[in-house]
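Below: one structure, written as structure tokens.
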There are 2 protein chains.
Amino acid sequence: MKELLYLKDDQLKDLIEKIFIGYRETFSDSKKILDKYSIGLAHQKVIHLLSMYEGISISKLLAKLKVTKQSLNRVLKDLIKLEIIVFKKDEIDTRIKHVYLNEKGKKIFEEIFLLQKKRIYKALLDSSSEEVINFDKVLKKIING
Amino acid sequence: MKELLYLKDDQLKDLIEKIFIGYRETFSDSKKILDKYSIGLAHQKVIHLLSMYEGISISKLLAKLKVTKQSLNRVLKDLIKLEIIVFKKDEIDTRIKHVYLNEKGKKIFEEIFLLQKKRIYKALLDSSSEEVINFDKVLKKIING
DNA sequence: ATTATAGGTAAGTTATATTGACATATTATA
DNA sequence: TATAATATGTCAATATAACTTACCTATAAT
């Protein structure tokens, strides 16, 4: 019979609150840069994914973001206006559109990321390897449900 | 000189994506119950905090949520209509209003929480004590910047 | 008496998302 | 080859949650 403290409701509530705060703070540190380019959180997330997955297709972007295509298209249009993304048709299946950040886009991502990563970097630097590895492990388990 | 893999940009990007997904999934599992009561994510967060901090004041709620009072008041009005919160004036400083979930409110919270905590509970149950403790530790460090 | 704090409210706006319906091009398949 | 499925785009309307600016009352502290 498990009677671990951290499986009790109060601890779970506490953890859920922390997950919320961790997310909110991680995605608000870069607000000044976003304002500079008149974009928001939704744009930041798309730019982040484009930096991680160069040439990702629209449908894969949608699957990662879990938003509707109407919602994503609004954001993409803004990024086109900002002139920071480009598209390339798939050479085999021309229905598929691959999305890339151009040089300007990469620079803007770096500006955003420089601010955003500080919080995480500092937290990891201040932790042992084992702590970091375990943090990642549990986070993965939470994600995978 | 630190040369740890997990301090490299690619790993930080990966972690930031996971923090986003972890938050999103953790706060979407209970959507069906929220729909049942015609409330949303903002209400869920307030109810969660009211369950954690019984009798919390308005200003402390605002500080935890980091939203404007106009925004909070909209949510509180909905919760009043739903008849799930009550207020009590502070006995010493009558400017301060303490907010509580009533019995109906506590029941609705439990309905929400039952769905929401499953994901976390499962992840923790599937982890060692050390993993859980380290997850919490690093998360705290991320929060505290 | 003045200032600070706790809280409320009104009007207008913005950001991000939704649903539903429909359209086009391309690829896969019976 | 005809048909179905896939990938993407778009229009219109609506919802959710937040914001800014401004002003208000009541109470407490100095």
Side-chain angles (χ1 to χ4, degrees), chain A residues 20 23-25 27-28 30-49 55-82 85-100, chain B residues 20 23-25 27-28 30-49 55-82 85-100:
Chain A
F20 162 52
Y23 160 75
R24 185 188 60 200
E25 298 304 310
F27 281 84
S28 64
S30 42
K31 194 170 180 308
K32 278 182 189 174
I33 300 294
L34 299 182
D35 287 347
K36 178 178 160 189
Y37 295 103
S38 301
I39 56 179
L41 187 54
H43 306 82
Q44 173 176 6
K45 284 175 184 167
V46 169
I47 292 171
H48 189 98
L49 291 176
I56 191 174
S57 69
I58 299 290
S59 54
K60 281 184 182 161
L61 253 183
L62 286 172
K64 289 209 175 286
L65 292 164
K66 288 205 186 173
V67 295
T68 58
K69 51 185 175 165
Q70 294 88 328
S71 211
L72 174 59
N73 262 314
R74 179 188 53 84
V75 174
L76 290 179
K77 274 178 187 165
D78 292 339
L79 299 183
I80 292 167
K81 255 189 210 154
L82 245 185
I85 59 173
V86 291
F87 301 104
K88 277 183 204 162
K89 275 195 178 178
D90 187 281
E91 291 188 355
I92 295 160
D93 186 340
T94 60
R95 291 173 305 180
I96 298 169
K97 231 163 101 173
H98 298 284
V99 194
Y100 299 84
Chain B
F20 162 53
Y23 160 76
R24 184 187 62 200
E25 299 304 310
F27 280 84
S28 64
S30 42
K31 194 170 180 308
K32 278 182 188 171
I33 300 294
L34 299 182
D35 287 347
K36 178 178 160 191
Y37 295 104
S38 301
I39 55 179
L41 186 54
H43 305 82
Q44 174 176 7
K45 284 175 185 168
V46 169
I47 292 170
H48 190 97
L49 291 176
I56 190 174
S57 69
I58 300 290
S59 56
K60 281 186 182 161
L61 254 183
L62 286 173
K64 289 209 175 286
L65 292 165
K66 286 203 185 176
V67 295
T68 58
K69 45 184 180 168
Q70 294 87 333
S71 213
L72 175 59
N73 262 313
R74 178 185 53 82
V75 174
L76 290 179
K77 274 177 189 165
D78 293 339
L79 299 183
I80 292 167
K81 254 188 212 155
L82 246 185
I85 59 172
V86 291
F87 301 104
K88 278 184 204 162
K89 274 195 179 180
D90 188 280
E91 291 187 354
I92 294 161
D93 185 340
T94 60
R95 289 174 304 180
I96 298 170
K97 231 163 103 173
H98 298 283
V99 194
Y100 299 83

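Bear in mind that the values here come from a model prediction, so they are computed numbers and not experimental data. Throughout, a chain's letter reflects where its sequence line sits, starting with A, and its residues are numbered from 1.
In terms of phosphate contacts, A:Lys89 brings no side-chain nitrogen or oxygen within less than 4.0 Å of OP1 or OP2 of D:dT8. Side-chain N/O atoms of A:Thr94 include none lying less than 4.0 angstrom from OP1 or OP2 on C:dA25. Proximity of A:Thr68 to the phosphate of C:dT18: a side-chain N or O atom is located under 4.0 Å from OP1 or OP2. Contact annotation: B:Ser59 side-chain N/O to C:dG7 OP1/OP2 distance is under 4.0 Å. Phosphate proximity of C:dA15 to A:Arg74: absent, as no side-chain N or O sits under 4.0 Å from OP1 or OP2. The side chain of B:His43 contributes an N or O atom lying less than 4.0 Å from OP1 or OP2 of D:dA17. Distances shown here put every side-chain N or O of B:Ser71 at or beyond 4.0 Å from the OP1 or OP2 atom of D:dA17. Distances shown here put a side-chain N or O of A:Lys77 below 4.0 Å from the OP1 or OP2 atom of D:dT10.
Taking atom CD1 on B:Ile96 and atom C1' on D:dA28, their separation rounds to 10 Å, with Å as the unit. Protein atom CG of A:Asn73 is 15 Å distant from nucleotide atom P of D:dA7, rounded to whole Å.
Relative ring orientation between B:Tyr23 and A:Tyr23 is described as parallel, the plane-to-plane angle staying below 30° on a 0-90° scale split at 30° and 60°.
The main-chain N or O of A:Lys60 is found under 3.5 Å from a side-chain atom of A:Ser57 such that the two form a donor-acceptor pair.
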Handout entry: Pair A:Lys66-B:Glu25, side-chain contact (heavy atoms from CB on, under 4.5 Å): steps then yes or no
Key = CA-CA 10 Å; A:Lys66 288 205 186 173; B:Glu25 299 304 310; 3.1 Å; yes
Exercise for the section: Before giving the answer on side-chain contact (heavy atoms from CB on, under 4.5 Å), spell out for A:Leu76 and A:Ile58 the whole-Å C-alpha distance, their side-chain angles and the decisive distance to 0.1 Å. Expected result: CA-CA 10 Å; A:Leu76 290 179; A:Ile58 299 290; 3.7 Å; yes
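Between A:Leu34 and A:Leu41, the closest heavy-atom pair is CD1-N, 4.2 Å.
As judged by a 4.0 angstrom heavy-atom cut-off over every strand, B:Asp93 is placed among residues touching the sugar-phosphate backbone only.
On a pure distance criterion of 3.5 Å, a polar donor-acceptor pair joins the side chain of B:Lys69 and the base of C:dG8. In this model, a side-chain donor or acceptor of B:Gln70 finds a partner on the base of C:dT9 within 3.5 Å.
Comparing C:dT18, C:dT26, D:dA26 by their nearest atom to the side chain of B:Arg95 picks out D:dA26.
Along DNA chain C, the nucleotide nearest B:Leu62 and the nucleotide nearest A:Val75 are compared for position; the residue whose nucleotide lies closer to the 5' end is B:Leu62.
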